Amino acid sequence: MNNHPRINAHNQGGKNRPQTARRSVLAAGTAALALVLAACGGGSNPLEEGTPGSEASSGGSLVIGSSGGTESQIIAELYAGALTAAGFDVSTKPGIGSREVYVKAVEEGSVDVIPDYSGNLLLFLDTGATAASAKDVMAALPAALPEGLSVLEPAAAESKDAMVVTKATAEKHKLTSIEDMAPVCGELVIGANPEFAEREYGLPGLKANYNCVPKSFEPINDYGGPTTLNALITDKIQVADIYTTTPSIEDNDLVVLEDPKNNFIAQQVLPLVRTDSVDDAAAKVLNEVSAALTTEDLIDLNRQVSGDEKRNPSDAAADWLSKKGLTD
């Protein structure tokens, strides 16, 4: 399982909502924020005046946040390390929580920069968004963002849902894309989280976009984790929904099927920033990190931190930055 929050829902209908509607979406996150902060104690309030994050922002330094997931923390350490090497005064605020909480934190100014995923950020801000390709999602994001927030350049790195098969299944049915599944879909069992059966990007999307109706659906509640992997490699299922930055794909020589009709919305890694805190020089550094970061890099970083090595995210990030020449 990829450890970061997701809003896996691609709403094909509806138009972009006006600014007031977007504000209501963000305002709705305030209640969730209050609950999280109450559970953590008053001293951990990322929005409270006088917290380290607030002082850092007002004092001209940058606070780099991350969600509750490992991958988000790794990317935040990439941002923090590159900015520190460039001479910026940087502190980190890991484990802020869900998108409802961390977007509000950036909006209020206790966090200046946080990694996010383009498609899920767009759908959070505008549930009626219809963009699906990487280009279209990035074109739609600026208008969806609330006043005071911006996104910088996206990385080539994506962490998104994908239809994954074993090499044996790919060779048997000559599969390179989801489109190739259509003629043989009735022979295949698809395994994924239970909601895949109903969500628009799941079985309904496969049918609508690719005329693919599987032999059966196997609900497996681990988001492409070990149980899903075991079912796939033992041929209990023939197709699995696994996130593209999951190391088990590469480690088991699995095949990710292409998605030419963008059934799964693009999920490029990108920095969400507070506009008045991140100047051109800082933005340039963050854009250089994005320009260098690939999906393969994220897979390797995830493996280092979440695999047998159990590396500290900051150490793994420091090595990657050095290798890419971003700390020279």
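Everything quoted here is computed from the prediction, not taken from an experiment.
Using the six-membered ring where Trp is involved, F196 and F217 have ring planes that are parallel, under 30° apart on the 30 and 60° scheme.
For the atom pair CG of L121 and CG of L270, the computed distance is 6.5 Å after rounding to the nearest 0.5 Å. Between the OG atom in S150 and the CZ atom in R274 there is a gap of 10.5 Å [rounded to 0.5 Å].
When atom types are taken as modelled, the side chain of N252 and the backbone of I233 share no donor-acceptor pair closer than 3.5 angstrom. Side chain of N193 to main chain of E195: no donor-acceptor pair is present (N/O by atom type, distance under 3.5 Å, no hydrogens or angles). Side-chain atoms of D297 do not come within 3.5 Å of backbone N or O of L293 as any donor-acceptor pair. A donor-acceptor contact shorter than 3.5 Å links the side chain of N312 to the backbone of S314. A distance-only check finds no donor-acceptor pair linking the side chain of D136 to the backbone of A132 [under 3.5 Å]. With hydrogens and angles ignored, the 3.5 Å screen pairs a side-chain donor or acceptor of N263 with a backbone N or O of Y201. Listed for the N302 side chain is a donor-acceptor partner under 3.5 Å among the backbone atoms of L298. Side-chain N or O atoms of D259 include one that pairs as donor or acceptor with a backbone N or O of F264 at under 3.5 Å. T295 places a side-chain N or O within 3.5 Å of a backbone atom of E158 that can act as its donor or acceptor partner. With E309 contributing its side chain and Q304 its backbone, the two residues share no donor-acceptor pair below 3.5 Å.
In this structure, a donor-acceptor pair under 3.5 Å is absent between the side chains of E71 and Y243. Side-chain polar atoms of T176 and D180 form a donor-acceptor pair below 3.5 angstrom.
Heavy-atom neighbours of N211 CG from other residues, nucleotides or ligands within 6.0 Å: at or below the threshold of 12.
Criterion: ILVMFWY side-chain heavy atoms under 4.5 Å apart, direct or through other members. Under it, L301 and I75 are part of a common hydrophobic cluster.
Using a 4.5 Å cut-off on side-chain heavy atoms (C-beta onward), D222 and L229 make no contact. Looking at I64 and L83, their side chains come closer than 4.5 Å, going by heavy atoms from C-beta outward. Side-chain contact between L257 and L175 is present, with at least one heavy-atom pair separated by less than 4.5 Å. Contact annotation: the side chain of I265 never approaches that of K160 to less than 4.5 Å [non-hydrogen atoms, C-beta and beyond]. Contact annotation: the side chain of W320 approaches that of L326 to within less than 4.5 Å [non-hydrogen atoms, C-beta and beyond]. No side-chain heavy atom of T228 sits under 4.5 Å from any side-chain heavy atom of L232. S67 is not listed as a side-chain neighbour of D116, based on a closest heavy-atom distance of 4.5 Å or more. Using a 4.5 Å heavy-atom cutoff, the side chains of I237 and I220 are in contact.
Ion pairing of K104 with E100 is absent here, as no side-chain N (NZ or NE/NH1/NH2) approaches a carboxylate O to less than 4.0 Å.
Of all heavy-atom pairs spanning H173 and V184, the tightest one is ND1-CG1, 3.7 Å.
Among V278, D89, L286, the single residue meeting the side-chain contact (heavy atoms from CB on, under 4.5 Å) criterion with L62 is V278.
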